[in-house]
Amino acid sequence: MNKKIKTDAVDSLFDAILCLKNRDECYSFFEDLCTVNELLSLSQRFEVAAMLKDRKTYLEIAENTGASTATISRVNRSLNYGNDGYALVFDRLKK
């Protein structure tokens with residue numbers, strides 16, 4: 001865990017997210033919390049991560065998601081050298 005982001009404010013945000021009960025509540029909360037572009041950027045990164053996990057090429061990912069190669073590279077670095085957050089979520093989504 002990155003100690004730079006471990007703050008009381010971030011803890012409060014994560015607690016708020018963890019109390020959401022369904023997709024509709026997520027839409028309501030995240031539409032209030034984020035701009036449309038921020039939310040679309042987050043979802044794009046998640047889509048990029050899923051495609052990288054499925055061994056898609058950068059070109060395929062860029063064509064399908066509109067993500068830049070810089071974004072794809074950044075997500076790839078997180079998948080390979082990050083805190084395994086993507087892997088945790090992907091494993092749980094399989095179940």
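For this chain, numbers begin at 1 and follow the sequence in order.
Checked against side chain to side chain contact (heavy atoms under 4.5 Å, CB included), A49 has the following partners two or more places apart in sequence or in another chain: V75, L79, Y86, F90.
Under the 3.5 Å distance criterion, the side-chain polar atoms of T71 are left unmatched by any main-chain donor or acceptor of A67. In terms of modelled atom types and a separation under 3.5 Å, the side chain of T65 and the main chain of I61 share a donor-acceptor contact. At least one donor-acceptor pair under 3.5 Å links the side chain of N22 to the backbone N or O of D24.
For the atom pair CD (E31) and SG (C26), the distance works out to 11.0 Å, reported to the nearest 0.5 Å. Here the straight-line distance linking atom CG of D15 with atom CG of L20 works out to 11.0 Å at 0.5 Å rounding. The distance from the CZ atom of F46 to the CG atom of L93 is 5.0 Å, given to the nearest 0.5 Å. Going from atom CD of E47 over to atom CG of L52 covers 11.0 Å, rounded to the nearest 0.5 Å. If you take CZ on F29 and SG on C34, they are separated by 8.0 Å, rounding to the nearest 0.5 Å. For the atom pair S78 OG and D84 CG, the distance stands at 10.5 Å (nearest 0.5 Å).
Under a hydrophobic clustering in which Ile, Leu, Val, Met, Phe, Trp and Tyr are joined whenever their side-chain heavy atoms come within less than 4.5 Å, directly or via other members, F14 and F30 fall into the same cluster.
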Step-by-step side chain to side chain contact (heavy atoms under 4.5 Å, CB included) determination, L59 to E63 | CA-CA 6 Å; L59 181 58; E63 287 175 350; 3.6 Å; yes
Step-by-step side chain to side chain contact (heavy atoms under 4.5 Å, CB included) determination, D11 to K6 | CA-CA 7 Å; D11 283 350; K6 176 81 172 106; 2.8 Å; yes
CA sep, side-chain torsions, deciding dist, call: D91, K94, side chain to side chain contact (heavy atoms under 4.5 Å, CB included) = CA-CA 5 Å; D91 285 345; K94 276 194 257 182; 3.7 Å; yes
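Between the side chains of E25 and S28, no donor-acceptor pair of N or O atoms lies under 3.5 Å.
Residues I5 and V10 share a closest heavy-atom pair of O-CG2, 3.1 Å. For E60 against M51, the heavy-atom pair with the smallest separation is O-CE, 4.1 Å. Across all their heavy atoms, A16 and C19 have their closest contact at O-SG, 3.0 Å. The two residues A62 and I72 have their closest heavy-atom pair at N-CD1, 3.8 Å.
In this structure, Y27 places its OH atom where only 12 or fewer heavy-atom neighbours from other residues, nucleotides or ligands lie under 6.0 Å away. Within 6.0 Å of CG in D8 there are 12 or fewer heavy atoms belonging to other residues, nucleotides or ligands.
With contacts defined as side-chain heavy-atom distances shorter than 4.5 Å, the pair L33/L13 qualifies.
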